[in-house]
Amino acid sequence: MSGTVYGIGLGPGDPELMTLKAARLIGEAKVIAYPTLAGGESFARSIAAAYIPEGTREIVMDVPMTVDRAPAQAAYDIGADAIRSALDAGEDVVVLCEGDPFFYGSFMYLFARLKRDYAVEVVPGVTSVTTCAAVAGMPMAARNEVVTILPAPELVGRLDRGHSMDVLHSADTLVVMKLGRHFARVRAAIDAAGLTEKAVYVERASTPHEVVLPLSKAPEKAPYFSMILIVKGADPWL
């Protein structure tokens, strides 16, 4: 009998935002797997650290953060092969994923490689978007309002194609995530659209390094784990 793969959503960073199911499965794990960036520490593992039993075997996937997708895909190929070996030996494997596994989550790349041959269970997690809305005190949508979520690289791409203003004006609520090196251009586009006063900048939500500021007062540089929320309605839920 092959083992089962569990894709565990860990939430945005605060271990107390993990679900009870996630904590239980991690606490029962004999084998865990998780990504790291450029050989550094794993953010996913740091969230789950208090729940990982002593003696648990760890499969570490070093995933490069590059524009070229090939190196990351190769890393997921290697990680999937290591997970297969454990599954074929009858061991369950718990894969740690910050946020939600199927919302820009690293687990989806392993899921694509393993789903045809093994039992896979996905445990949802609290997303970074809903966490940022909570810490900013910004209800995101009411009634029939439309929420648009854009990664910053996509918004910058639309800028280059001359279409960015369409999305900035069409959505009732706009979320721009994964700011990083694109922050300056995203910020300038929001300002040009006249939306800066409605925009809030959130960095590393729910962690000890959390920053919540009006976009007009945000720092010059932003990390990858940051986003901008724009809610255009004035208390539409009242």
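Index from 1, following the sequence.
- Salt bridge present: E28 and R24 bring a charged side-chain N and a carboxylate O closer than 4.0 Å.
- Applying the ring pair (Phe, Tyr, Trp, His ring centres under 6.0 Å) test to pairs two or more places apart or on separate chains, those with a residue in residues 190-230 are F43-F225, F183-Y201.
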Verdict with supporting geometry, E58 and Y34, side chain to side chain donor-acceptor pair (under 3.5 Å): CA-CA 8 Å; E58 303 187 17; Y34 52 84; 2.5 Å; yes

From CA spacing to verdict: side chain to side chain contact (heavy atoms under 4.5 Å, CB included), Y104, I149: CA-CA 11 Å; Y104 296 107; I149 300 173; 4.3 Å; yes

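- Between the CG atom in L114 and the OG1 atom in T4 there is a gap of 11.5 Å [rounded to 0.5 Å].
- Inter-residue side-chain proximity for P153 and H182 is flagged as met; some heavy-atom pair is nearer than 4.5 Å.
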Test log, rule side chain to side chain contact (heavy atoms under 4.5 Å, CB included), inputs E210 and V135: CA-CA 9 Å; E210 175 183 289; V135 301; 3.4 Å; yes

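- Taking the side chain as every heavy atom from C-beta outward, I59 and V31 approach each other to under 4.5 Å.
- Ion pairing between D92 and K30 fails under the 4.0 Å rule for side-chain N and carboxylate O.
- In this structure, the separation between CD1 on I230 and CG on L174 is 5.0 Å, given to the nearest 0.5 Å.
- Interatomic distance, L96 CG to S106 OG, rounded to the nearest 0.5 Å: 9.0 Å.
- I8 and V122 end up in different hydrophobic clusters when Ile, Leu, Val, Met, Phe, Trp and Tyr side chains are linked at under 4.5 Å.
- Side-chain atoms of T36 and V63, non-hydrogen and from C-beta on, never get closer than 4.5 Å to each other.
- To the nearest 0.5 Å, atoms CE (M138) and NZ (K198) are separated by 9.0 Å.
- Counting heavy atoms from C-beta on, the side chains of R57 and I32 never come closer than 4.5 Å.
- Judged as a salt bridge (charged side-chain N to carboxylate O under 4.0 Å, His left out), and not counting sequence neighbours, D62 has no contacts.
- Nearest heavy atom pair, residue A29 against residue P53, reads O-CG, 3.8 Å.
- Between M177 and L150, every side-chain heavy-atom pair lies at or beyond the 4.5 Å cut-off.
- Looking at E203 and K221, no side-chain N of the basic residue comes within less than 4.0 Å of a carboxylate O on the acidic one, giving no salt bridge.
- No donor-acceptor pair under 3.5 Å is formed between the side chain of T148 and the backbone N or O of A171.
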Verdict with supporting geometry, R158 and E154, salt bridge (Lys or Arg N to Asp or Glu O under 4.0 Å): CA-CA 6 Å; R158 295 188 185 198; E154 171 61 19; 2.9 Å; yes

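- Here the closest heavy-atom approach between residue A205 and residue T131 is recorded as CB-CG2, 3.9 Å.
- The shortest heavy-atom contact between G9 and A22 is O-CB, 4.0 Å.
- Under the 4.5 Å side-chain criterion, counting only non-hydrogen atoms from C-beta, L179 is in contact with V186.
- Atom CD of Q73 has more than 12 neighbouring heavy atoms from other residues, nucleotides or ligands inside a 6.0 Å radius.
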Side chain to side chain contact (heavy atoms under 4.5 Å, CB included) between V129 and M140, worked out: CA-CA 9 Å; V129 171; M140 294 180 63; 3.4 Å; yes

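- Taking the ring-ring contact (aromatic ring centres under 6.0 Å, His included) definition, one finds that Y118 meets it with nothing, sequence neighbours left out.
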E145/K232 under salt bridge (Lys or Arg N to Asp or Glu O under 4.0 Å): CA gap, chis, key distance, verdict: CA-CA 10 Å; E145 291 181 327; K232 297 177 184 175; over 6 Å; no

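- With no hydrogens or angles considered, no side-chain donor-acceptor pair links T127 and D100 at under 3.5 Å.
- Checked by atom type and distance alone, the side chain of S85 pairs as donor or acceptor with a backbone atom of D81 at under 3.5 Å.
- Side-chain contact check for P223 versus R204: some heavy-atom pair is nearer than 4.5 Å.
- Y6 and L87 are members of different hydrophobic clusters when ILVMFWY side chains are connected at heavy-atom separations under 4.5 Å.
- Using a cut-off of 4.0 Å between Lys/Arg side-chain N and Asp/Glu carboxylate O, R143 and D172 are scored as not salt-bridged.
- V156 and L168 fall within a single hydrophobic cluster, where Ile, Leu, Val, Met, Phe, Trp and Tyr side chains are chained together by heavy-atom contacts under 4.5 Å.
- Counting only distance, with no hydrogens or angles, the side chain of R113 and the backbone of Y109 share a donor-acceptor pair below 3.5 Å.
- Closest of all the heavy-atom pairs between G105 and C97 is CA-SG, 3.7 Å.
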Step-by-step side chain to side chain contact (heavy atoms under 4.5 Å, CB included) determination, M227 to S128: CA-CA 9 Å; M227 68 179 65; S128 58; 3.5 Å; yes

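- Between the OG1 atom of T56 and the CD1 atom of I26 there is a distance of 10.0 Å, given to the nearest 0.5 Å.
- Taking hydrophobic clusters as Ile, Leu, Val, Met, Phe, Trp and Tyr residues chained together by side-chain heavy-atom distances below 4.5 Å, L25 does not share a cluster with I83.
- Tested against T173, the residues L229, V231, V146 include a single side-chain contact (heavy atoms from CB on, under 4.5 Å) partner, V231.
- Both L195 and L215 belong to a common hydrophobic cluster when Ile, Leu, Val, Met, Phe, Trp and Tyr are linked at side-chain heavy-atom distances under 4.5 angstrom.
- Scanning all heavy atoms of the two residues, the minimum distance from A199 to I190 falls at CB-CG2, 4.3 Å.
- The side-chain heavy atoms of V175 and I228, taken from C-beta on, include no pair separated by under 4.5 Å.
- Minimum heavy-atom separation, A218 to R187: O-NH2, 3.0 Å.
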